[in-house]
Protein chains: 2
Amino acid sequence: MKLKTDSSTEDKIKEAAKQVFIAKGFSGCTSREIAKAAGMNVALVNYYFRSKSALFKIIFEAAMGDFLLSMLEVFNTSLPLEEKLRNYLDREYQFLTKYPEIPSFIINEMGRKDGANIDNTAVFKCIEHTGIFEECKIEQKAGRMREIDITSITLLMMSNCQFPFMGAAVIKQVHGISDEQYEKQLVQHKQIVTEMLIGYLFPKSQTILQTTKK
Amino acid sequence: MKLKTDSSTEDKIKEAAKQVFIAKGFSGCTSREIAKAAGMNVALVNYYFRSKSALFKIIFEAAMGDFLLSMLEVFNTSLPLEEKLRNYLDREYQFLTKYPEIPSFIINEMGRKDGANIDNTAVFKCIEHTGIFEECKIEQKAGRMREIDITSITLLMMSNCQFPFMGAAVIKQVHGISDEQYEKQLVQHKQIVTEMLIGYLFPKSQTILQTTKK
DNA sequence: CCCTGTTTTAAACGCTTGTTTAAAATTGCT
DNA sequence: AGCAATTTTAAACAAGCGTTTAAAACAGGG
C-alpha cells in the first residue's frame, strides 16, 4: 500500500482547476475542460475530489486565503496607521498585478444565485481580528483621521484597488489602449490613488474634519 | 394576417431574459429557465429570438445602452467641468441604486473567455464623442484641474461609483451589515466620494499640481 | 364557415453535462 | 515473482442542454 504518492497528479488537477475556474467561473467551465487542462481523464478529477463542486470549494477557499494573506500581513504589523494603509495599497497592487482575476472571481462566485453558496463569515472575521478597524476609530477620535464611517474607509480602499483590475477590459476599450500600456497606467494609478486616499483620510493642517458626519 | 400583435409575449420574454441574464450571467442560466420566468414554452423563446446567444446579445446591448445613457446625458450639457463630474457621480449612484447588477454583468460578460464576445468599440466611441476628455485636457492646461492622465480620471470615477455596488456582498460580509444598512451607507458614501474626488481633481488654492506627471 | 397566416404547444433531436462503473495498469511489499 | 492496494483508463449512465420539428390553437377577412 502506498501512503504518500507523488501527489503530482492531485496537484496538477488543482493547478489546472485554479486556472480554469478563475478564468471562466464555476458555471462557465466543465469538468472535462479541467481534466484536459491537467492532461488527464475526467474520472480522475472525481477520483481525487469527489465532485466539481467539492473541487471548486477548495479552489475558491484557497483564492480567498491568498487574497486575505497579504492584507493580514500588513495589518498585523505595528506601524502607524497611515503607513499601514500605504503598505496595504502597495501590497494590494502588487498582488493584483500578479493575480488580476481573483477579485472578480471572488465577487462573482460570492454573489452566485444558485443556492450553492459558500459561507465566508469565518474568513472575514480575521480582518476584524487584526484590530485595524479599532485603530481607525482611535485615530479618528484623536483628530488625526477624517471621521468617516469605517465601512466607507473599506469601500474607498477596496474600490480604488480592485476596480482597476476588475474593469480592465472596459477601461482598455474606452480609451483604446493596449495591455502593455494599461499595465504602465496601473503603476501610475497606484501612486495617484495612494496620494488621493492618504490625503483625504489624513488631512494635514487646517482642513475641516467631520465633513460628512451628521 | 396580423401585422402588429399585442407584442406582450415578445416583451415578456425580453423582460424575463433581462432579469435572469443579469442575475446569473450567460452561462449561469438556461433557455428553459428564461422561458419559465416569462411563463411560457422554451420553443417560444427561440421562435421570437433565434437562439439563446441572439437573445443574450439583445439584452446585453440594451444594458450597455442604459448604462451609457445617463452618462452621455450629463456629458452633453454645457455646465462647467466640475459641475459635470458632480452630476455624473450623482446620476451614476442613482442609476446603480436602481440597477446594481449591471456593472458586474457588463464587466463579466465582456471578459468572457469563450470566443462568443460582443464587439463594443462603437459603443464606447460615443463617450469620447461628447468631448469630455478634451474638456479635461483644456482644464488641466489652464491649471484648474490636476494634471493626471485621462485614463486615471476615468478609473477614479468608475472605481468609486461601480465597486460599491459590485462588491456589495463582500463589504456587507466584512462589516456584518444588513441590506438596508448598506443602502444607507451608499448614500453617505456618495457624498464622501464626491467630496474626495472633486477635492483631488480640482485642488483649490496653493496645492501643488502635476504631482505624478514626470 | 372555411381558409390563410400567425402564435403556441408538446415532443423529439443530437449533444454535452456531472458522475459512476468496472476493468486495466501501476505501484510497493514480501 | 506474486499479491494486494492504489491509480488510471475507457465506457457508460441518466439528466439536462440548446435547438428543431410538426402539429395544434388561434386570429381575422372573404
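Quick note on labels: first sequence line is chain A, next is B, and so on, each numbered from 1. Only this structure's heavy atoms are used, side chains among them; waters, hydrogens and symmetry mates stay out.
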From the set [options], return the single nucleotide nearest to any side-chain atom of [X].
X      : options                  : result
A43(B) : dT8(C), dT17(C), dA10(C) : dA10(C)
V42(A) : dT17(C), dT19(C), dT9(D) : dT19(C)
N41(A) : dT19(D), dA10(D), dT7(C) : dA10(D)

Can you find a heavy atom in the side chain of I148(A) that is under 4.5 Å from one in the side chain of L156(A)?
->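 A side-chain contact exists here, since the closest heavy-atom pair is under 4.5 Å.
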Expressed as a whole number of angstroms, how long is the span from [X]:[atom1] to [N]:[atom2]?
X      : N       : atom1 : atom2 : result
Y48(B) : dT19(D) : OH    : P     : 18 Å
M40(B) : dT6(C)  : CE    : P     : 19 Å
L44(A) : dT26(C) : CG    : P     : 14 Å
L55(A) : dT19(C) : CG    : C1'   : 14 Å
K52(B) : dT16(C) : NZ    : C1'   : 13 Å
R50(B) : dT20(D) : CZ    : P     : 9 Å
N46(A) : dA22(C) : CG    : C1'   : 16 Å
I34(A) : dT17(C) : CD1   : P     : 11 Å

Please find out if less than 6.0 Å separates the ring center of [X] from that of [Y].
X       : Y       : answer
F56(A)  : F21(A)  : yes
F165(A) : Y99(A)  : no
H175(A) : Y182(A) : no

May I ask you to evaluate whether Y47(A) reaches the phosphate of dT19(C), defined as a side-chain N or O under 4.0 Å from OP1 or OP2?
no
Any side-chain N or O of T9(A) less than 4.0 Å from the OP1 or OP2 oxygen of dT8(D)?
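Yes, because at least one side-chain N or O of T9(A) sits under 4.0 Å from OP1 or OP2 of dT8(D).
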**Prompt:** So what does S51(A) hit on the nucleic acid, given a heavy-atom distance under 4.0 Å: a base, only sugar-phosphate, or nothing?
**Reply:** sugar-phosphate
Under the salt bridge (Lys or Arg N to Asp or Glu O under 4.0 Å) criterion, do E82(A) and R86(A) qualify, and how do the steps go?
CA-CA 6 Å; E82(A) 184 180 324; R86(A) 279 182 188 278; 3.4 Å; yes
Problem set entry | Donor-acceptor pair under 3.5 Å, R32(B) side chain vs dG16(D) base |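 In this structure, the two groups form no donor-acceptor pair.
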Stepwise salt bridge (Lys or Arg N to Asp or Glu O under 4.0 Å) test for R112(B) and E109(B) = CA-CA 5 Å; R112(B) 231 167 76 215; E109(B) 302 297 337; 2.7 Å; yes
Problem set entry | Plane angle bin for Y88(B) and F75(B) - parallel if under 30°, tilted between 30 and 60°, otherwise perpendicular | parallel
Quiz item: Quick one: stems for DNA chain D, with Watson-Crick or G-U pairs under 3.5 Å, at least three in a row?
Solution: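 DNA chain D stems, ordered by first number: C:3-17 with D:14-28, C:19-30 with D:1-12.
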